Structure formats: structure tokens, C-alpha cells
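Take a look at the structure below.
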Amino acid sequence: MHARVLDHLGTAICSGEVAAGSVLSIEDLVDRYQVSRSVIREVLRVLASMGLIETRRRVGIMIQPPAVWSVFDPQVIRWRLASDGRMAQLRSITELRTAIEPYAAWLAADRVDDDEASELVGLAAKMWAAGKAGDEARFLDLDIDFHRRVLAASGNEMFAKLQLIVAEVLAGRHHYHLMPHYPDEEALQLHNDVAQAIQRRDGERARKAMVGIMEQGFAEMKSLWERTAEPGGA
């Protein structure tokens with residue numbers, strides 16, 4: 001019950017269905033969701049930790065504006081991807097990734113060990129095979145693992161922590177049909193280029209190829225989005 005209420009209320013806030021500045025009460029939420037006060041209090045505790053709400057004495061539970069949300073929280077990202085503002089969230093994260101992942105690839109070329117580099121090249125080859133076969137689920141898993149490994153290989157612990165955000169947006173693209181059934185060959189080649197450049201210790205080539213992945217991915221999302229009848233449709 002806790003997970004159900006948390007997911008429903010979090011999605012409602014992140015979508016704007018429950019607008020910033022709105023005031024809720026525990027009693028109203030108990031009636032709406034037909035759960036105990038203890039369940040509602042726990043849900044509110046989690047939402048408060050994410051910056052989505054603030055409890056004020058003699059006022060109630062106030063919905064907070066997006067400016068104070070914990071926008072790096074994977075759950076908040078998931079709820080925002082479930083809203084009509086999906087494309088804005090994808091754009092925001094892609095801009096973040098474009099700022100970070102190319103530099104992570106550049107660092108990885110200098111810091112990765114030989115075994116990690118070989119594994120990355122092998123992973124790119126597996127992505128190629130899964131993409132050409134149209135195996136979307138396997139390709140998604142490999143894609144998430146590829147970017148996780150590049151971030152980790154950078155040797156920067158803060159970059160490595162972004163892997164949860166990257167996994168969330170890649171899974172969101174898959175879930176909302178913003179990823180083609182057969183990945184574009186350019187995207188497959190760019191992943192291979194990143195891996196090969198890292199293995200060859202060519203940081204600048206790795207950086208440029210990763211920039212290409214970011215640019216190609218967003219253009220792909222935008223194209224698929226514009227073809228749909230409604231936000232996120234397919």
C-alpha cells in the first residue's frame with residue numbers, strides 16, 4: 001500500500017496534477033487512498049525527503065515547486081518521465097549527460113585498465129548484435145551497462161554515481177517508445193568508437209564519439225516524439 005500511494009501521489013505532484021502551492025491534509029489523503037494514517041505519514045516523509053512537499057504547522061502539507069525538488073533522485077526522474085513534461089525532462093537529462101559523459105570517456109581513456117577496456121569493446125560488440133537482431137530488452141540492458149562502465153572507468157566517484165540517472169532515462173526511453181526497435185547504425189558505431197578509443201587511450205576521440213551519442217540520441221527521441229499522436233504515445 002505504501003508503494004502504491006507513494007507512486008500515485010509522487011506522479012500526481014511531478015505531473016502538475018497536484019499543483020505547487022496546493023495544500024493537502026493527512027485526513028484527506030487517508031480518505032482518498034483508503035489507507036491508515038501511518039501509511040500516509042510514511043509516504044509524506046519520503047516525499048518531503050525529495051523536496052516535493054513541506055509540512056507547515058497550522059497550514060498543512062504544502063506542495064513545493066519544481067525548483068526545490070531533488071531532481072537527481074531516480075524516483076523523481078521516473079515520475080517526471082511519466083508526465084506530459086516527459087520531453088523536457090529528457091532534454092534536461094540529455095544536456096546533463098552531454099556535459100558529463102564525454103569528459104568521463106576522456107578520463108576513462110587515461111585511467112581504465114586493460115581488462116576493463118577489453119570488456120567495454122566486447123560490450124559494444126554485443127550491443128551491435130542485439131541491436132541488429134531487434135532484441136530491445138537485451139539492447140537496453142547492454143546500453144545501461146555500457147554507460148555505467150564508462151562512468152565508472154572515469155575514476156571519478158561523482159561521475160560514477162550518475163549511473164542511476166542514466167539507467168532511469170534509458171529505461172524511460174524504452175518504456176515510452178522513444179527508442180527505435182532497431183537502433184540506428186550510427187548509434188551502434190558511435191558506441192563502438194567510444195570503446196575502441198578508450199582501449200587505444202585516445203581520450204579526444206572517445207570524447208567526440210560520446211558527444212555524438214548524446215546528439216544522435218536526442219535527435220532520435222525528438223523525431224520519434226514528433227511522430228506520435230500524443231505525448232509518449234506510439
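Since this is a predicted model, take the numbers as computed values, not measurements. If you read the sequence from its start, that first residue is 1, and numbering goes on from there.
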Within one Ile-Leu-Val-Met-Phe-Trp-Tyr cluster: [X] and [Y], side-chain cutoff 4.5 Å:
| X | Y | value |
| --- | --- | --- |
| Tyr33 | Met1 | yes |
| Met87 | Leu81 | yes |
| Phe72 | Ile144 | yes |

Looking only at atom types and distance, does a side-chain atom of [X] sit under 3.5 Å from a main-chain N or O of [Y], one as donor and one as acceptor?
| X | Y | answer |
| --- | --- | --- |
| Glu95 | Ser92 | no |
| Thr11 | His8 | no |
| Ser15 | Ser83 | no |
| Ser118 | Asp114 | yes |

message: Other members of the hydrophobic cluster containing Val121, with the 4.5 Å side-chain heavy-atom rule, please.
response: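 ILVMFWY cluster around Val121 holds nothing else.
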
Between [Y] and [X], is there a side-chain heavy-atom distance shorter than 4.5 Å?
| X | Y | result |
| --- | --- | --- |
| Lys132 | Tyr182 | no |
| Leu44 | Ile26 | yes |
| Asn156 | Tyr103 | no |
| Gln75 | Arg78 | yes |

query: For Glu185, does the CD atom have more than 12 heavy-atom neighbours from other residues, nucleotides or ligands under 6.0 Å away?
result: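 Count not over threshold, so no.
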
task: Identify the heavy atoms of Val71 and Pro66 that sit nearest to each other, and give their distance.
output: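 For Val71 and Pro66, the tightest heavy-atom pair comes out as CG1-O, 4.3 Å.
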
Ala117 to Gln199 - nearest heavy-atom pair and separation: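 Minimum heavy-atom contact is CB-CA, 3.9 Å.
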
- prompt: Any salt bridge between Asp202 and Arg207, counting N to O under 4.0 Å?
  reply: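 The answer is no: the pair does not qualify as a salt bridge.
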
- prompt: With a 4.0 Å cut-off, would you call Arg138 and Asp141 a salt bridge?
  reply: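 Looking at Asp141 together with Arg138, the answer is no, because their closest N to O distance does not fall below 4.0 Å.
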
- prompt: Quick one: which of Gln196, Gln189, His191 gives a side-chain hydrogen bond (donor to acceptor under 3.5 Å, both in side chains) with Asp193?
  reply: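 In the set Gln196, Gln189, His191, the residue that makes a side-chain hydrogen bond (donor to acceptor under 3.5 Å, both in side chains) with Asp193 is Gln189.
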
